[in-house]
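Input: a single structure, listed below in structure tokens.
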Amino acid sequence: MKDESARTAPKAELLNVVEQAMRFHAVWEEVYSTHWGRRFDEVMEALTSAAGRWAVQLDKSAAQSAAMGLQSGSGE
């Protein structure tokens, strides 16, 4: 029994990581498709709002970097 739980724990952790990655991607796609090329403050507000809807915690510096990229019209 212990061997079974030892094998399923990494699988559950991997599924959690994949789910979080999908949520991050959903936030990015939502904001990218609606706020590309808009003002920085609009993009930041959209990122914050989308992150709340998708239950994603945003790192402030990463969000600012993403907002600058979207605001300047970059999809990278």
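Nearest heavy-atom pair across Gln71 and Arg38 is CG-O, 3.0 Å. Closest non-hydrogen pair, Ala50 versus Val31, comes out as CB-CG2, 3.9 Å. Across every non-hydrogen atom of Ala55 and Gln20, the tightest pair is O-OE1, 4.3 Å.
Leu47 CG to Phe40 CZ: the interatomic distance, rounded to the nearest 0.5 Å, is 9.0 Å. Going from atom CE of Met44 over to atom CE of Met68 covers 9.0 Å, rounded to the nearest 0.5 Å. Residue Leu58 holds its CG atom at 6.5 Å from CZ of Phe24, rounded to the nearest 0.5 Å. To the nearest 0.5 Å, atoms NE2 (His25) and OH (Tyr32) are separated by 11.5 Å. From Glu45, atom CD reaches atom CZ of Arg39 across 9.5 Å, with rounding to the nearest 0.5 Å.
Between the side chain of Ser65 and the backbone N or O of Ser61 there is no donor-acceptor pair closer than 3.5 Å. Side chain of Arg23 to backbone of Val56: no donor-acceptor contact under 3.5 angstrom is found.
For Gln64, the CD atom counts as densely surrounded, since its 6.0 Å shell holds more than 12 non-hydrogen atoms of other residues, nucleotides or ligands.
Take Ser33 and apply the side-chain hydrogen bond (donor to acceptor under 3.5 Å, both in side chains) test, not counting sequence neighbours, and it matches no residue.
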